[in-house]
Chemist: 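Below you will find the structure I want to go over with you.
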Amino acid sequence: MARVVTRETILKELEGLAEDQLPVVLDFIHFLKFRQEAERARQRFAAAVEEARSIAKERGITDEDVLEEIRAVRFRQ
């Protein structure tokens, strides 16, 4: 219920806003959506890292093993 009231209030406020201010509101909405998606991406990344660490642990791969692989690839180039 509160969500509907908030949406209605926002729409009413937009109706009273000067036309030249609407692009500013739209930019802010885009910013909020971008921030929301960035947070989702961070969460997906953290979950992927956790899964990779779990798989590595199951296979006996240590952090040092990973660092050695990275160093080997970097110095080959």
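Below, each value reflects all heavy atoms present in this structure, side chains not excepted, and no hydrogens, waters or symmetry copies. Since the model is a prediction, treat every value here as computed from it, not as a measurement.
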Chemist: Taking Ile10 as the starting point, is it possible to reach Leu17 by hopping between hydrophobic residues whose side chains are less than 4.5 Å apart?
Modeler: yes
Chemist: Is there side-chain contact between Phe28 and Leu32, with heavy atoms separated by less than 4.5 Å?
Modeler: yes
Chemist: Salt-bridged, Glu69 to Arg74, with N to O below 4.0 Å?
Modeler: no
Chemist: So does Glu51 have more than 12 non-hydrogen atoms from other groups sitting under 6.0 Å from CD?
Modeler: no
Chemist: Under a single-linkage definition using a 4.5 Å side-chain heavy-atom cutoff for Ile, Leu, Val, Met, Phe, Trp and Tyr, are Leu11 and Ile29 assigned to the same hydrophobic cluster?
Modeler: yes
Chemist: Regarding Arg42 and Glu37, does a basic nitrogen lie under 4.0 Å from an acidic carboxylate oxygen?
Modeler: no
Chemist: Between Ser54 and Glu50 (side chain of the first, backbone of the second, donor and acceptor by atom type, cut-off under 3.5 Å), is there such a pair?
Modeler: no
Chemist: Does the pair Lys12/Glu15 count as a salt bridge with the N-to-O cut at 4.0 Å?
Modeler: no
Chemist: Using a cut-off of 6.0 Å, state whether more than 12 heavy atoms not belonging to Asp63 lie near its atom CG.
Modeler: no
Chemist: Hey, is the main chain of Thr62 close enough, under 3.5 Å, to the side chain of Asp65 for a donor-acceptor pair?
Modeler: yes
Chemist: Out of curiosity, Ile55 CD1 to Arg53 CZ, how far, rounded to the nearest 0.5 Å?
Modeler: 13.0 Å
